[in-house]
Structure formats: structure tokens, C-alpha cells
Amino acid sequence: MKNPKKNDFFEQVYEVTKKIPFGRVTSYGAIARILGSPQSSRLVGYALNNSQSLNNYIPAHRVVNRNGLLTGKHHFGGETLMQQLLENEGIQVEDDSIVDFEKFFWDPVELLKH
DNA sequence: ATTCTGACAGCAA
DNA sequence: TTTGCTGCCAGAA
């Protein structure tokens, strides 16, 4: 995934998101950071939004903001769909916020070290 | 070509 | 502690 010049930013976001382990979550900022643009976190959310129209399965529900808040839940159709997806993976969600967020947080930087 | 818009993050009040 | 403003950068219009 180290090919910043030819790969689309969006595509890189998808790749990282797909590699989020089951039952783990990460943040928009973490993804932006791993792509070399720590301040493009907004673009990450923008990309995930676009990903819904793709055929690829992208676990976008595993991406939340830095506080573990389900800021993008409204883009999952229902009001509780995103939450249910997370709970289905064993992640507790309370008041649109992930319980023990730090505990489930997965930093994409893990991909770089083999 | 120019303007507007975010599924964010950081910092100032 | 909570609320609000600002920077960011790639698409869409």
C-alpha cells in the first residue's frame, strides 16, 4: 500500500479499512495518519461514504472518530444499524459511544510492521 | 477555473 | 467541562 503517487486516496482508505481486524475499531484520524496525511481525516469519512456505493465489502462501521463516537451512524440507513454491527462483533456501544474504546482500538500502523 | 462541502481533529474561550 | 471556530484536502457542482 505504499504507492502514494498513483493510488487514489480513496482506494487507500478502503484498503486500510478492510484490514481492520474483526472485533476491533479505529479512527478516521488514524487512517488519515497512516496514509501520510494526518490532517485529511475528513477525507477518510468522505471516502467511506462513497464506499457504500461500491460492490466491495468495507467494514466502515469499525471506523469511528477519535472519541469512539459513532459519528457516521446516520449514514448506515437506520439509526441503530451501525451500533448493531459493532455489538455483533462483541463491541459494546452505549449512547452512540464505544465502551472501552481504547481497549478495542486498533492502530493501522500495525500494518507497517510485519 | 472557482466555490462549496464534509462519517474529523485540535485548540481557544 | 462543553461549545464553537479553524485548518485540511480531495471530489462534486
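Every heavy atom of this structure was used, including side-chain atoms; hydrogens, water molecules and symmetry mates were not. Values in this document were obtained by computation on a predicted structure and should not be read as measured data.
- Using a 4.5 Å heavy-atom threshold, the side chains of F9(A) and L35(A) count as touching.
- Residues E87(A) and Q92(A) are not in side-chain contact: their nearest non-hydrogen atoms beyond the backbone lie 4.5 Å or more apart.
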Stepwise, does the side-chain contact (heavy atoms from CB on, under 4.5 Å) test hold for T17(A) with L48(A)? CA-CA 9 Å; T17(A) 306; L48(A) 292 177; 3.7 Å; yes

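- Side chain of T26(A) to main chain of W106(A): a donor-acceptor pair is present (N/O by atom type, distance under 3.5 Å, no hydrogens or angles).
- Salt-bridge formation is not detected for the pair E110(A)/K19(A): no Lys NZ or Arg NE/NH1/NH2 atom is positioned less than 4.0 Å from an Asp or Glu carboxylate oxygen.
- Taking a 4.0 Å limit (strictly below) on heavy-atom distances, residues 53-75 of chain A reaches DNA chain B at A60(A), N65(A), R66(A), T71(A), G72(A), H75(A).
- In this entry the distance linking CD of E79(A) with P of dA7(B) reads 14 Å, nearest Å.
- Per the geometry, CZ belonging to F101(A) stands 13 Å off P belonging to dC8(B), to the nearest Å.
- Considering only heavy atoms from C-beta on, V25(A) comes within 4.5 Å of I98(A) through its side chain.
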Please produce a list of atom pairs where a protein N or O lies less than 3.5 Å from an N or O of nucleotides 9-13 of chain C.
none

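- Counting only heavy atoms from C-beta outward, the side chains of L70(A) and Q83(A) approach each other to under 4.5 Å.
- S97(A) places no side-chain N or O within 3.5 Å of a backbone atom of E94(A) that could act as its donor or acceptor partner.
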